[in-house]
Amino acid sequence: MVSERLMPPMSETTAQSNVVTRFAPSPTGFLHIGGGRTALFNWLYARGRGGRFLLRIEDTDRERSTPEATAAILRGLAWLGLDWDGEVVSQFDRKDRHAEVAHQMLARGTAYKCFSTQEEIAAFKAAEEAAGRYPVFLSPWRDADPASWPDAPYVIRMKAPRAGETVIEDRVQGRVVIRNETLDDMIVLRSDGTPTYMLAVVVDDHDMGVTHVIRGDDHLNNAARQQMVYDAMGWGVPVWAHIPLIHGPDGKKLSKRHGATGVEEYQAMGYPAAGMRNYLTRLGWAKGDAEIFSTAEALEMFDLDGIGRAPARLDFKKLENTCGHHIAMMDDAALLQELDLYLAAAHRPALDAGQHARLSAALPSVKDRAKTLPELLEKAQFALISRPVRMDDAAALALDDAGRDLLRGLTPRLQSADWTKAALEPVLAGFAAERGLGFGKLAAPLRAALSGRSVTPSVYDMMLVIGRDETLARLADAVR
RNA sequence: GGCCCGUUCGUCUAUCGGUUAGGACAUCUGGUUUUCAACCAGGCAAGAGGGGUUCGACUCCCCUACGGGCUGCCA
C-alpha cells in the first residue's frame with residue numbers, strides 16, 4: 001500500500017484568502033529565537049495572503065508545561081508584533097477530542113489496542129538489535145482477535161502501512177520519500193487515555209482548519225507519521241513546509257553558550273522589533289536582493305519558495321546593521337514608544353516627562369546614528385542630562401585654558417544670534433576664522449561644554465535641541 | 001547503527017544548464033567631515049571532494065566527507 005498523495009492544488013491565486021497557519025510552541029521555556037522566526041514565517045505567510053494565523057499551546061506534557069512559560073511566549077510574540085486570530089488554543093483542553101479520534105480510528109480499523117508492556121517492547125527491540133535489524137517494534141496485537149484481548153491496560157496504536165512508502169511533498173524540502181517499513185505503529189493514545197503528540201497535532205491542525213504547516217525541519221520525519229493519521233481518518237493533508245533551524249555564529253545548534261537564545265533577551269538588548277522582524281525574515285529567506293524592508297513590504301513579498309534549505313547562522317553584526325536602518329526609518333513617535341518598551345524590558349529607569357520631551361526633540365539628530373536603542377539613548381545623552389554637566393576625561397582636556405578662552409569669546413555672540421542653524425553657522429565659523437582657527441578647534445571645547453564628552457552629534461544640533469538658555473548656561477558653567 | 005535533510009565569498013543569500021557567479025553584512029583602501037557615526041567611491045572574498053549525464057554544469061544523478069534532525073506511552 002502506498003499512501004502517496006498528490007499535492008493539494010494550491011496555486012497562489014486559489015489559496016488567496018483561505019490560508020490558515022499556526023504557531024504551536026510547547027510551554028516549557030521562553031520563546032526561542034528560532035521559534036520566533038517560525039512564528040514570523042507563519043504570520044507573514046497567512047497575513048500576507050489575507051489568511052488567518054492561529055496560536056496553539058502544546059501543553060499536553062503536564063510535567064514540563066508551565067503557565068509562566070506560556071506567558072513568556074505570549075510576551076515574546078507580542079513584542080515581535082505577531083498577533084494571532086481568535087483564542088489561544090490549549091492542546092491539553094482538547095484531550096477528550098483526541099481520545100475520541102483515537103477511538104474512531106479503532107472503529108475504522110486503522111488503529112488497534114496494544115497490550116504489550118514496556119518491558120516486552122524493550123526486550124523485543126533488544127532482540128532485533130542483537131539480530132542486526134532496526135529496532136522497529138512490531139506489536140503482536142496488531143491483528144489480534146478481540147476475543148483474545150486481556151483485561152489489562154492498553155495503548156492505541158496506529159495501524160501503519162508496513163510496505164510501500166510515504167511521500168511528503170514539502171514546499172521547502174521538496175519531495176521526501178520515507179519507506180514505511182522504517183516506521184513503527186506509533187502510539188496515538190497512551191495507556192492512561194491521554195493523546196500523544198503525533199495524534200494531537202493532527203487532530204488539532206485538522207479541527208482548526210490549518211492549511212499550511214510551517215515548522216522546524218526537526219519535524220520532517222514526523223510529517224510522514226502524521227500524514228498516515230490524516231490518511232487513516234480520511235482527512236485532507238495540509239501543505240507541508242519544513243524550515244531549517246537557526247544555528248549559532250559557529251554553525252552549531254543554537255544554545256545558551258551562544259548568548260541570547262530567547263526573543264525577550266533581544267528586546268532587552270535594545271534591538272527594535274521592526275528591525276528584528278526584518279532580520280529574522282531575511283534569515284533563511286530571500287527575494288532577489290531585498291535586504292531592508294518594512295513589515296508591510298515583507299507581508300507583500302514573503303512566500304514559501306524563497307525559503308532556503310540549509311540552516312542559517314545568527315550574525316549579530318548584520319542584525320545591528322538592519323536595526324540601524326530601521327531606527328533611522330522609524331518615525332519619532334514610534335521610536336519613543338519603542339524606547340519606553342526597551343527601558344522596561346532592560347529594567348532601566350523610565351524617562352520622566354521632561355526627558356521625554358527633550359529626547360523627542362533630539363531624536364531627529366541622533367536616530368540615523370544608532371544601531372540599537374541603548375546606543376540611541378547614549379547618543380542623545382546631551383539632551384537628557386541636567387546641569388552641571390559632568391565632564392569625562394577627554395572633555396576636560398578640551399576645556400583647557402585655551403578652550404575656555406574661546407568659549408568666553410563666543411558667548412556674547414551667541415546671546416545675540418538668531419537660534420537657527422543658518423544663523424548660527426556664520427557666527428561660529430566667523431568666530432573661529434577671527435581667531436585663526438579651524439572650525440574643529442572651536443567645536444571641541446564647545447562640544448565638551450555642551451555634553452561633557454568628546455563624541456557627540458553635531459554641535460549645531462545640540463545647541464538647537466537644548467536651546468539658547470541651556471546652551472549659554474552650560475557654557476557659563478564650563479568657563480567658571 | 002538505521003532513516004531523513006542539508007553543503008555558493010568569513011556570514012545571510014541570488015542564480016532555477018550557457019553570467020566576468022550578483023547583492024547585503026563584515027573587513028580593507030580612499031573621499032567627505034566638527035568628534036563619532038553616517039554617507040560616497042573602490043578592493044579582497046565562494047560553488048566541500050570525487051565520479052558521471054550533457055556540446056556545456058553551482059544548477060541534474062551517484063559516491064564520499066562534514067553538519068543537522070529523527071529513531072519515546074516528549075513535544
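None of these values were measured; they are calculated from a predicted model. Letters A, B, ... are given to chains in the order of the sequence lines, protein chains preceding strands, and every chain is numbered from 1.
Rounded to a whole Å, the CG atom of Asn222(A) is 13 Å from the C1' atom of C3(B). Leu450(A) places its CG atom 18 Å from the P atom of C36(B), with the value rounded to the nearest Å. Rounding to whole angstrom units, NZ of residue Lys95(A) and P of C73(B) are separated by 21 Å. Rounded to whole Å, atom P of G23(B) lies 19 Å from atom CH2 of Trp285(A). Distance, Ile307(A) CD1 to U13(B) P: 11 Å, rounded to whole Å. The CG-C1' distance, from Asp461(A) to U33(B), rounds to 14 Å in whole Å. In this structure, Arg225(A) atom CZ and C3(B) atom C1' are separated by 11 Å, rounded to whole Å. In this structure, Arg313(A) places its CZ atom 13 Å from C1' of C9(B), rounding to the nearest Å.
If you check every strand for non-hydrogen atoms under 4.0 Å, Val177(A) touches sugar and phosphate atoms only. Among the heavy atoms of the strands lying under 4.0 Å from Thr196(A) are primed sugar atoms or P, OP1, OP2 only; no base atom is included. Using a 4.0 Å heavy-atom criterion, one finds that Pro25(A) contacts no nucleic acid atom at all. Contacts of Leu220(A) with the nucleic acid, taken as non-hydrogen atoms under 4.0 Å apart, involve only primed sugar atoms and P, OP1 or OP2. As judged by a 4.0 angstrom heavy-atom cut-off over every strand, Arg64(A) is placed among the base-contacting residues. Residue Thr60(A) is in sugar-phosphate contact alone, with no base atom involved, counting any heavy-atom pair closer than 4.0 Å across all strands shown. Using a 4.0 Å heavy-atom criterion, one finds that Asp184(A) contacts no nucleic acid atom at all. Across all strands, Tyr460(A) comes closer than 4.0 Å to base atoms (heavy-atom distances). Heavy atoms of Met186(A) sit nowhere under 4.0 angstrom from any nucleic acid atom. Residue contacts shown for Gly284(A) are limited to sugar-phosphate atoms, with no base heavy atom under 4.0 Å away. Residue Lys367(A) is classed as having no contact, given no heavy-atom separation below 4.0 Å to the nucleic acid. Note on Val155(A): a base of the nucleic acid sits closer than 4.0 angstrom, heavy atoms only. As judged by a 4.0 angstrom heavy-atom cut-off over every strand, His219(A) is placed among the base-contacting residues. Counting any heavy atom pair closer than 4.0 Å across all strands shown, Gln173(A) reaches sugar-phosphate atoms only and no base atom.
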Chi angles and distances behind the salt bridge (charged side-chain N to carboxylate O under 4.0 Å, His left out) call for Asp184(A), Arg157(A):
CA-CA 9 Å; Asp184(A) 62 6; Arg157(A) 281 184 190 273; 5.0 Å; no
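In this structure, U8(B) makes no Watson-Crick or G-U wobble pair, since no nucleotide meets both defining distances under 3.5 angstrom. With a cut-off of 3.5 Å on both pairing distances, the Watson-Crick or G-U wobble partner of C60(B) is G52(B).
You'll find that the side chain of Ala312(A) is closest to C12(B), out of U11(B), C12(B), U34(B). Counting only heavy atoms from C-beta on, Gln91(A) has its side chain closest to A75(B) among A75(B), C36(B), C25(B). In this structure, the nucleotide among G69(B), U7(B), A37(B) sitting nearest to the side chain of Arg369(A) is A37(B). Side-chain proximity of Ser26(A) to the nucleotides C3(B), A24(B), A75(B) is greatest for A75(B). Among C25(B), U7(B), C73(B), the nucleotide with an atom closest to any side-chain atom of Asn321(A) is C25(B). Distances from the side chain of Gln118(A) to the nucleotides C12(B), A26(B), C73(B) place C73(B) closest. Among C12(B), U34(B), C3(B), the nucleotide with an atom closest to any side-chain atom of Ala443(A) is U34(B). Across C12(B), G67(B), C4(B), the shortest atom-to-atom separation from the side chain of Glu291(A) is found for C12(B). The listed nucleotides are A37(B), C73(B), C36(B); the one nearest the side chain of Lys371(A) is A37(B). Nearest nucleotide to the side chain of Glu58(A), out of U11(B), G23(B), A75(B): A75(B).
The cationic group of Arg37(A) lies under 6.0 Å from the six-membered ring centre of Phe41(A) and within 45° of the ring axis, placing it in a cation-pi geometry. For the pair Arg62(A) and Phe92(A), the distance from NZ or CZ to the six-membered ring centre is under 6.0 Å and the angle to the ring normal is within 45 degrees.
Toward the 5′ end of RNA chain B lies the nearest nucleotide of Thr182(A), the other residue of the pair Ser454(A) and Thr182(A) mapping further downstream. When each of Thr456(A) and Gly288(A) is assigned the nucleotide of RNA chain B with its nearest heavy atom, Gly288(A) is the one assigned upstream, toward the 5' end.
Nucleotides C73(B) and C62(B) have their P atoms positioned 33 Å apart, rounded to a whole Å. Of the C1' atoms belonging to C58(B) and C39(B), the separation is 35 Å, rounded to the nearest Å. For the P atoms, the distance linking C28(B) with A37(B) amounts to 12 Å, nearest Å. Here the separation of A48(B) from G6(B), taken at their C1' atoms, is 12 Å to the nearest Å. A gap of 15 Å separates the P atoms of C44(B) and A24(B), to the nearest Å. Between the C1' atoms of G47(B) and G10(B), the separation comes to 16 Å (whole Å). Comparing G50(B) with A45(B), their C1' atoms are spaced 25 Å from each other, to the whole Å. The P atoms of A26(B) and A41(B) are separated by 16 Å, rounded to the nearest whole Å.
Side chain to side chain, Thr456(A) and Arg447(A) meet the donor-acceptor criterion of an N or O pair below 3.5 Å. Tyr197(A) and His219(A) form a side-chain donor-acceptor contact under 3.5 Å, judged by distance and modelled atom types alone. Residues His98(A) and Asp204(A) bring a donor and an acceptor atom of their side chains to less than 3.5 Å of each other.
Residue-to-nucleotide contacts include no donor-acceptor pair under 3.5 Å from the side chain of Arg309(A) to the base of C5(B). The base of U34(B) sits with one of its N or O atoms less than 3.5 Å from a complementary donor or acceptor on the side chain of Ser458(A).
The phosphate of G72(B) has OP1 or OP2 within less than 4.0 Å of a side-chain N or O from Lys125(A). At the phosphate of C73(B), neither OP1 nor OP2 sits under 4.0 Å from any side-chain N or O atom of Ser191(A).
Judged by distance alone, with hydrogens and angles left aside, the side-chain atoms of Glu128(A) form no donor-acceptor pair with the main-chain N or O of Phe137(A) at under 3.5 Å.
Residue-environment remark: CG (Asp192(A)) exceeds the threshold of 12 foreign heavy atoms within 6.0 Å.
Looking at Lys317(A) and Glu320(A), no side-chain N of the basic residue comes within less than 4.0 Å of a carboxylate O on the acidic one, giving no salt bridge.
The one candidate from Arg162(A), Arg225(A), Lys113(A) that meets the salt bridge (Lys or Arg N to Asp or Glu O under 4.0 Å) condition with Asp185(A) is Arg162(A).
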